[in-house]
> 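The structure's right below; bear with me while I get my questions together.
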Amino acid sequence: MKKKLAGAWLCTIIMATALFGCALSTKTGNDPVNTPDEEPEQTNTTVSNETVPDQEEPDDTVAGGRKIAISMPAQSVQRWVSDSEKMKQELEAKGYEVDIQFAEDDPKQQAAQMESFVQEKADCIIVVPIDSKELTAAAEEAKKAEIPVIAYDRLLMDTDAIYYYATFDHKGAGRMIGQKIERQAGLEDLSNGAYKTIEFFMGDQEDSDSHLIYQGLMEVLQPYLDDGRLICKSGRTSFEDTSISEWSQETAREWCKNYLAGYYTDEELDICATAYDGFAYGCKEALQAAGYIDDNWPVISGQDCEMQACRNILDGTQSFSVYKDSGLLAQKCVAMIDAVISEIEPEINDTEQYHNHVLTVPTYVCTPVAVDKDNLQEVLIDSGYYTKEQIEDAE
């Protein structure tokens, strides 16, 4: 009797299972229950030596026909071209359509681009803000249209119409600049009463990253200014006084030219603390025009490791730069896009540091590397980021 009941129960289970399987097979479209062709590989991500739980993998089947819109500051800047192309390649390989626009450092043009992305019903918008104030209205339109916005490298300020942020540790980059200046200028080894002279060239006030770079730099250098081992003869040491609008190389050159003529006729300028390779180029031009040579050439910092900066590092006219692996950042941003489109949580490693005056934006932060003459070959050439010929031919 028990055997007969068991057999009947087993038949019931088999029939129910078959019916349930048929029901699943009729589902179509982008329903989350669809199973990908291949089982996604699960990986662990380590942040600050702590292992976070496995991340759910995006479903590649959702990419088809989806449009990703990217707004970059300027086509004239090598980095923005490179970053956008890397994202485009990865996104197209996944099946997305990609629209890249360059605003040529015009905030109003960038706002118009974002508005156009919304009208064209993009599925996700990536933006490197030139001036957040000009973008808040367009960002709100994207929010109303339920189009996710992801900030790339620079934080979009003063709006809640932002999903995520992918960037580098800019405060850490500022500390790196300060530490390299500290070592290369020998600040720790100065005898009693000895000092070095310094002038500062910081980034645009409207760029939230500029504030973080300055904060990190001053964590290292402010104690030397306080005890007199560093002297800024112009007296311009606050962020407001050292911020250069629109990251202008020409402004940096004029500032340095004026400092040399106004404050450094009787003694030399020892350090140009700059937050960007373009500023370093401007300082180099002003110093050469003022007659500085190898024997009295100052320490000059930079950031971004542009090809021209690398060439200047090798010939000794720039002391170092900060390398930010834009390929890695582009990969992390693509992963964010994929996750957002798939309606899953992306990989995040900072939920505290990046507040845009409205909310703290979930962020993935990549770590930069300081590059000088000693490690340039290993970090930039051996890795394949640049070829030796590209650096030699840079102008």
> Has Thr197 got a side-chain atom pairing as donor or acceptor with Ile231's backbone, closer than 3.5 angstrom?
no
> On the ring face of Tyr259, is Lys233 found with NZ or CZ under 6.0 Å from the centre and within 45° of the axis?
no
> Could you pull out all residues at least two apart from Glu182 that satisfy salt bridge (charged side-chain N to carboxylate O under 4.0 Å, His left out)?
none
> Ignoring hydrogens and angles, state whether a donor on the side chain of Gln222 or Asp226 is under 3.5 Å from an acceptor on the partner side chain.
yes
> Salt bridge or not for Glu392 and Arg311, using N-O below 4.0 Å?
no
> Could you check whether Asn349 and Glu347, counting side-chain N and O atoms only, form a donor-acceptor pair closer than 3.5 Å?
no
> Excluding sequence neighbours, so at least two apart, what forms ring pair (Phe, Tyr, Trp, His ring centres under 6.0 Å) with Tyr276?
Trp247, Phe279
> Could you pull out all residues at least two apart from Tyr386 that satisfy ring pair (Phe, Tyr, Trp, His ring centres under 6.0 Å)?
none
> Between Lys144 and Glu140, does at least one N-O distance fall below 4.0 Å, as a salt bridge requires?
no
> With a 4.0 Å cut-off on N to O distance, would you call Glu219 and Lys171 a salt bridge?
yes
> Going by the side-chain hydrogen bond (donor to acceptor under 3.5 Å, both in side chains) test, name the single residue among Gln318, Gln308, Arg79 that passes it with Asp277.
Gln318
> For Tyr263 and Glu199, test the side chains for any donor-to-acceptor distance below 3.5 angstrom and give the result as yes or no.
no
> Do Ser132 and Asp158 have a side chain donor and acceptor closer than 3.5 Å?
no
